[in-house]
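Scroll down for the structure; my scribbles are underneath it.
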Amino acid sequence: YKWIPEMLDPPLHTKWRHLLGPFFAPGAVKRLRPRVEARFEEIMDEIVDRGSCDYVADVALRFPNTIFMELMGLPVSDADRFQRWETAILHAGTSDRDAAYQAMGEVNAYFAELIAERRKSPREDIVSVASTWKIDGEPVTEEDLHALCLLLFMAGLDTVAQQLSYSMYHLANHAEDRRRLVEDPGLFEPAIEEFLRYYAFVSPGRKVTRDVEVAGCPIKAGQMVWLPIASANRDPEEFPDADKVIIDRRDHRHLAFGGG
């Protein structure tokens with residue numbers, strides 16, 4: 001299997017990225033902002049009277065769900081199903097592989113039906129637009145559309161939840177940073193970038209294409225290598241005091257989202 005475009009290399013990766021770009025460009029994100037803020041307020045309204053919550057379950061996992069549904073042109077009423085699938089696939093660990101495989105099968109069936117429906121009755125969502133794309137003059141295949149949907153599902157829900165969780169974990173354990181953010185909202189932008197740098201959550205793997213030696217370590221063609229982005233983001237040659245969270249740090253050359 002392959003998740004598009006995360007598991008592709010250039011030049012094919014670049015072509016897919018170019019097609020996907022308009023959906024995630026600054027202008028497109030800006031247009032989403034009112035709905036994103038409204039969704040967060042809805043979640044806060046539901047939990048504020050309780051006085052406490054399980055932050056991961058009640059906020060971090062739920063927040064990106066509706067946004068994903070809207071981008072994909074899916075009924076918000078299906079959001080709970082996607083949440084159950086995501087939890088089963090990504091958070092059950094090795095304890096319940098059968099449930100994970102069953103959930104993946106259900107996701108696959110859902111997207112197969114969705115792609116077929118959008119080809120017949122297109123809308124303005126990602127799936128409808130992607131079904132009209134061409135790569136090197138050839139229409140995007142059903143298989144590739146499926147791979148794109150799977151990637152957007154996995155990445156769209158889980159990465160946002162992880163980043164929200166790590167950020168809140170930090171603030172829960174660093175009262176001074178929390179106080180400074182409350183008193184100076186202008187620090188939110190650099191703080192978010194710093195949380196992305198320090199708590200980088202994506203660790204992609206790549207298959208080696210030729211025999212090579214890196215820092216004295218021989219690697220053979222065909223072997224898989226793990227790329228810990230968090231390690232790169234804490235490189236002291238790139239970031240002063242790299243092992244400290246500095247919420248007003250202004251140097252944001254981190255690789256939390258890869259290198260483009």
Side-chain angles (χ1 to χ4, degrees), residues 1-25 64 68 71 85-94 97 100-101 103-105 107-108 111 126 130 133-136 138 140-166 193-239 242-243 251-260:
Y1 67 94
K2 59 182 176 182
W3 292 344
I4 290 178
E6 198 268 338
M7 290 184 178
L8 301 178
D9 291 321
L12 186 56
H13 175 273
T14 311
K15 294 171 183 177
W16 273 95
R17 230 183 124 104
H18 177 73
L19 292 169
L20 281 164
F23 285 98
F24 304 100
F68 165 79
L71 280 172
W85 287 333
E86 183 212 1
T87 301
I89 295 168
L90 296 175
H91 298 285
T94 58
R97 290 186 184 275
Y101 289 132
M104 182 65 80
V107 171
N108 284 333
F111 282 136
I126 289 181
W133 287 344
K134 292 185 176 181
I135 302 285
D136 294 331
E138 294 296 323
V140 170
T141 66
E142 207 86 354
E143 182 183 1
D144 284 352
L145 267 181
H146 214 115
L148 173 65
C149 288
L150 278 173
L151 183 278
L152 291 173
F153 162 60
M154 298 290 194
L157 271 64
D158 206 62
T159 55
V160 180
Q162 288 193 54
Q163 185 57 38
L164 288 171
S165 299
Y166 278 121
E193 295 293 341
E194 180 69 343
F195 294 153
L196 284 166
R197 178 192 74 84
Y198 190 84
Y199 297 106
F201 44 81
V202 178
S203 294
R206 279 292 184 268
K207 183 180 287 186
V208 179
T209 59
R210 58 183 172 83
D211 291 354
V212 67
E213 186 174 297
V214 179
C217 177
I219 309 173
K220 299 294 184 181
Q223 287 185 320
M224 292 296 295
V225 293
W226 200 245
L227 306 171
I229 286 175
S231 180
N233 280 349
R234 299 192 195 186
D235 183 350
E237 294 184 12
E238 292 291 327
F239 301 98
D243 280 332
D251 184 0
H252 296 151
R253 294 174 295 106
H254 61 70
L255 295 176
F257 298 113

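Being a predicted model, the structure only gives us computed values, none of them experimental.
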Taken to the nearest 0.5 Å, the spacing of L157 CG from E86 CD works out to 4.5 Å
Heavy atoms of E6 and P204 approach each other most closely as OE2-CB, 3.5 Å
Y101, OH: over 12 other non-hydrogen atoms inside 6.0 angstrom:
no
Distance col, row W133:CH2 vs L19:CG, nearest 0.5 angstrom, shows 5.0 Å
d(R206 CZ, M7 CE) to nearest 0.5 Å is 8.0 Å
Open item on the list: If you define the side chain from C-beta out and look only at heavy atoms, does anything of Q162 sit under 4.5 Å from D158?
Closed with: yes
A cation-pi test, strictly: NZ or CZ of R253 under 6.0 Å from the centre of the six-membered ring of F239 and no more than 45 degrees from its axis. Yes or no? yes
Scanning both residues in full, the closest heavy-atom pair of L150 with F111 reads N-CE1, 4.2 Å
Side chains of residues 211-233: which donor-acceptor pairs under 3.5 Å do they make with residues two or more places apart or in other chains?
from	atom 1	to	atom 2	distance (Å)
D211	OD1	A221	N	2.8
Q223	OE1	K220	N	2.9
N233	OD1	L255	N	2.7
N233	ND2	R197	O	3.2

Distance col, row E138:CD vs T141:OG1, nearest 0.5 angstrom, shows 10.5 Å
Distance-only, no hydrogens or angles: does the T14 side chain make a donor-acceptor pair with backbone N or O of P10 under 3.5 Å?
no
Those residues at least two apart in sequence (or on a different chain) that pass side chain to side chain donor-acceptor pair (under 3.5 Å) with W85 are E106
NE2 of H254 to CD of E238, rounded to nearest 0.5 Å, is 13.0 Å
- Heavy atoms of other groups near Y199 OH, more than 12 under 6.0 Å: yes
Measure the acute angle between the ring planes of F153 and F68, then classify it against the limits of 30° and 60° as parallel, tilted or perpendicular.
tilted
One should read off an interatomic distance between K15 NZ and L8 CG, to the nearest 0.5 angstrom, of 11.0 Å
